[in-house]
Q: 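Here's a structure for you.
Predicted model only: the values in this text are computed from it and were never measured.
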There are 2 protein chains.
Amino acid sequence: MPKNCNFIEKLREVGLRPTKQRVKMCEVLFNREKTFHFTINDLVKLLSEKMNQKISLATVYNTVHAFEKKGYLKEISIDSHKSYFDTNTSAHHHFFDEDTHELIDCDESDIDKINIRKNITGKKINSVEVLVRVASDNQTQK
Amino acid sequence: MPKNCNFIEKLREVGLRPTKQRVKMCEVLFNREKTFHFTINDLVKLLSEKMNQKISLATVYNTVHAFEKKGYLKEISIDSHKSYFDTNTSAHHHFFDEDTHELIDCDESDIDKINIRKNITGKKINSVEVLVRVASDNQTQK
DNA sequence: ATCTACATTATAATAATTCTAAACTATTGA
DNA sequence: TCAATAGTTTAGAATTATTATAATGTAGAT
Ligand SMILES: [Mn+2]
Ligand SMILES: [Mn+2]
Ligand SMILES: [Zn+2]
Ligand SMILES: [Zn+2]
């Protein structure tokens with residue numbers, strides 16, 4: 001668990017200026033054991049409440065999209081009404097908990113490799129991702 | 001290819017009043033050979049241009065959601081910025097063409113049955129769906 | 001220390017969706 | 001048949017998420 005990692009370096013490497021705001025965002029996003037799934041609002045709340053970093057909403061949007069473009073973050077579509085982001089930028093599968101609206105990553109080993117038999121002329125496959133929707137089991141019990 | 005199907009009956013059966021607007025929408029949505037994937041805007045445009053049915057946007061939203069609740073339509077999440085709907089309400093897989101933003105259904109036979117090894121305590125699986133993103137092949141050709 | 005390009009900010013603008021409340025209509029049953 | 005009623009459509013306002021604008025601030029270079 002590396003505390004103040006060298007995010008300044010990391011940002012420089014991809015050509016983003018290591019501003020105070022971006023470094024703080026890196027700490028919130030990447031100083032973690034596990035993949036982090038979040039919405040813009042989650043992130044704003046974390047920054048202001050846990051990190052005491054006042055930051056404008058526009059900057060959070062801009063910076064998240066800058067990180068996305070540079071390959072630090074990936075946008076996930078599970079709900080057409082909200083944007084989720086993911087610190088795991090590889091193509092991977094998810095469980096989505098419909099009760100809590102939480103995303104959980106699947107390990108490679110959790111799902112067999114998907115075999116696509118159909119192919120679409122002139123098109124190549126960019127990614128294959130599975131979404132497993134789960135919900136509480138006890139509501140159907142008598 | 002049934003022309004003016006009995007949508008009035010169909011609507012009554014699930015407890016929706018067969019108003020002029022709903023019947024027209026049924027014709028647009030369900031009088032088809034194949035699955036139809038659309039956005040609210042697609043639908044409004046079809047209704048006004050092809051069917052000559054002036055209809056308020058609020059009614060299209062309300063009616064699409066009424067249909068969704070009754071199981072006639074299903075909402076699909078491929079893009080967090082837009083809502084797509086599907087006349088195929090079963091859990092099924094899709095190709096998404098990133099060039100044209102078109103959805104294409106997968107047949108059962110196109111993808112092997114997905115085997116999920118992980119299970120989440122207290123949660124049951126509601127659906128397992130695969131999204132295959134495809135894009136034009138020729139841009140990577142030299 | 002100064003310069004310059006890039007970033008942040010508050011705020012305004014836009015776009016998608018939902019709400020509101022009035023007008024309308026399909027159904028019921030007197 | 002025809003009013004009563006419950007549900008529906010509508011225009012327009014409101015809300016929410018997101019993006020644009022333009023002024024101010026700052027990191028990195030010289
Ligand atoms: Mn986005
Ligand atoms: Mn919806
Ligand atoms: Zn993930
Ligand atoms: Zn479909």
Side-chain angles (χ1 to χ4, degrees), chain A residues 6-29 37-45 47-48 51-70 72-85 101, chain B residues 6-29 37-45 47-48 51-70 72-85 101:
Chain A
N6 205 343
F7 291 124
I8 293 178
E9 286 297 304
K10 195 177 172 184
L11 287 167
R12 280 218 180 89
E13 271 163 27
V14 294
L16 292 176
R17 283 196 181 168
T19 60
K20 185 175 67 197
Q21 291 83 352
R22 282 182 179 155
V23 173
K24 266 283 179 328
M25 279 186 57
C26 281
E27 287 174 21
V28 170
L29 295 174
H37 300 103
F38 64 94
T39 64
I40 296 286
N41 268 341
D42 295 337
L43 186 51
V44 171
K45 206 172 281 178
L47 281 162
S48 79
M51 302 298 279
N52 236 61
Q53 173 66 62
K54 188 217 163 306
I55 187 168
S56 88
L57 189 58
T59 297
V60 178
Y61 274 103
N62 291 341
T63 307
V64 163
H65 284 125
F67 285 171
E68 188 188 6
K69 195 177 305 174
K70 294 301 183 178
Y72 286 7
L73 292 175
K74 183 183 174 187
E75 193 165 5
I76 304 289
S77 303
I78 2 91
D79 179 338
S80 331
H81 306 153
K82 220 181 273 178
S83 278
Y84 281 74
F85 292 88
H101 286 193
Chain B
N6 205 343
F7 292 124
I8 292 176
E9 288 296 303
K10 193 175 172 186
L11 287 166
R12 282 224 176 85
E13 270 162 27
V14 294
L16 292 175
R17 281 194 183 170
T19 61
K20 184 176 64 197
Q21 291 82 351
R22 282 180 179 154
V23 174
K24 267 281 174 336
M25 278 185 58
C26 282
E27 287 173 21
V28 171
L29 295 174
H37 299 103
F38 64 95
T39 65
I40 295 287
N41 268 342
D42 295 337
L43 186 51
V44 170
K45 206 172 282 179
L47 281 162
S48 80
M51 301 298 279
N52 236 62
Q53 173 65 64
K54 188 221 164 301
I55 186 168
S56 88
L57 190 57
T59 296
V60 178
Y61 274 102
N62 291 340
T63 308
V64 164
H65 284 126
F67 284 168
E68 188 188 7
K69 194 176 307 174
K70 294 302 182 178
Y72 285 8
L73 291 175
K74 184 182 173 186
E75 194 166 3
I76 304 288
S77 303
I78 0 91
D79 179 339
S80 330
H81 306 153
K82 220 182 270 176
S83 278
Y84 281 73
F85 293 88
H101 286 192

Q: Identify, residue by residue, the members of residues 14-25 of chain A with a heavy atom below 4.0 Å from DNA chain D, and return them in order of residue number, or none.
A: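 Correct list: R17(A), P18(A).
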
Q: Do the side-chain N or O atoms of T59(B) get closer than 4.0 angstrom to the phosphate oxygens (OP1, OP2) of dT9(D)?
A: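 It does not, given that no N or O in the side chain of T59(B) lies less than 4.0 Å from OP1 or OP2 of dT9(D).
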
Q: According to salt bridge (Lys or Arg N to Asp or Glu O under 4.0 Å), who are the partners of K10(B), at least two apart in sequence or on a separate chain?
A: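 With sequence neighbours excluded, K10(B) shows a salt bridge (Lys or Arg N to Asp or Glu O under 4.0 Å) to no residue whatsoever.
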
Q: Please work out whether the ring planes of Y72(A) and F67(A) are parallel, tilted or perpendicular, with thresholds of 30° and 60°.
A: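 Tilted.
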
Q: So, for S80(B) and K82(A), which heavy atoms are closest and what is the spacing to 0.1 Å?
A: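 Looking at all heavy atoms of both residues, the closest pair is CB-O, 3.6 Å.
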
Q: Quick one: which of D42(B), I76(B), L43(B), I40(B) gives a side-chain contact (heavy atoms from CB on, under 4.5 Å) with F85(B)?
A: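 The side-chain contact (heavy atoms from CB on, under 4.5 Å) with F85(B) is passed solely by I40(B) among D42(B), I76(B), L43(B), I40(B).
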
Q: For N62(B) and R12(A), find the nucleotide of DNA chain D closest to each by heavy atoms; which residue's nucleotide sits nearer the 5' end?
A: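 The residue mapped nearer the 5' terminus is N62(B).
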
Q: Is R22(B) reaching over with its side chain to a backbone N or O of R17(B), donor-acceptor style, under 3.5 angstrom?
A: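 Judged by distance alone, yes, a pair lies under 3.5 Å.
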
Q: Roughly, in whole Å, what's the span from CG in L11(A) to P in dT8(C)?
A: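 Atom CG in L11(A) sits about 10 Å away from atom P in dT8(C).
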
Q: Grab the CG-C1' distance between D79(B) and dA16(C) for me, whole Å please.
A: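 After rounding, the gap between these two atoms is 12 Å.
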
Q: Please enumerate all protein N or O atoms sitting under 3.5 Å from an N or O of nucleotides 16-19 of chain D, with distances to 0.1 Å.
A:
residue	atom	partner	partner atom	Å
dT18(D)	OP1	S83(A)	OG	3.2
dT18(D)	OP2	Y61(A)	OH	2.4
dT18(D)	O5'	Y61(A)	OH	3.3

Q: Find the distance Y84(B):OH to dT17(C):C1' and express it as a whole number of Å.
A: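 Rounded to the whole Å, the gap is 17 Å.
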
Q: Please give, in whole Å, the distance from dT8(D) P to K54(B) NZ?
A: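 Going from NZ in K54(B) over to P in dT8(D) covers 19 Å.
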
Q: Can you check whether L16(A) reaches K70(A) side chain to side chain, under 4.5 Å on heavy atoms?
A: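 Result yes, sub-4.5 Å side-chain heavy-atom pair found.
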
Q: Show your working on side chain to side chain contact (heavy atoms under 4.5 Å, CB included) between Y84(A) and H101(A) and close with a plain yes or no.
A: CA-CA 10 Å; Y84(A) 281 74; H101(A) 286 193; 3.7 Å; yes

Q: Which whole-number value in Å describes the distance from E13(B) CD to dT27(C) C1'?
A: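 Those two atoms, CD and C1', are 17 Å apart.
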
Q: Side chains of T59(B) and N62(B): is there a donor and an acceptor less than 3.5 Å apart?
A: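 Side-chain D/A pair, T59(B) to N62(B): absent.
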
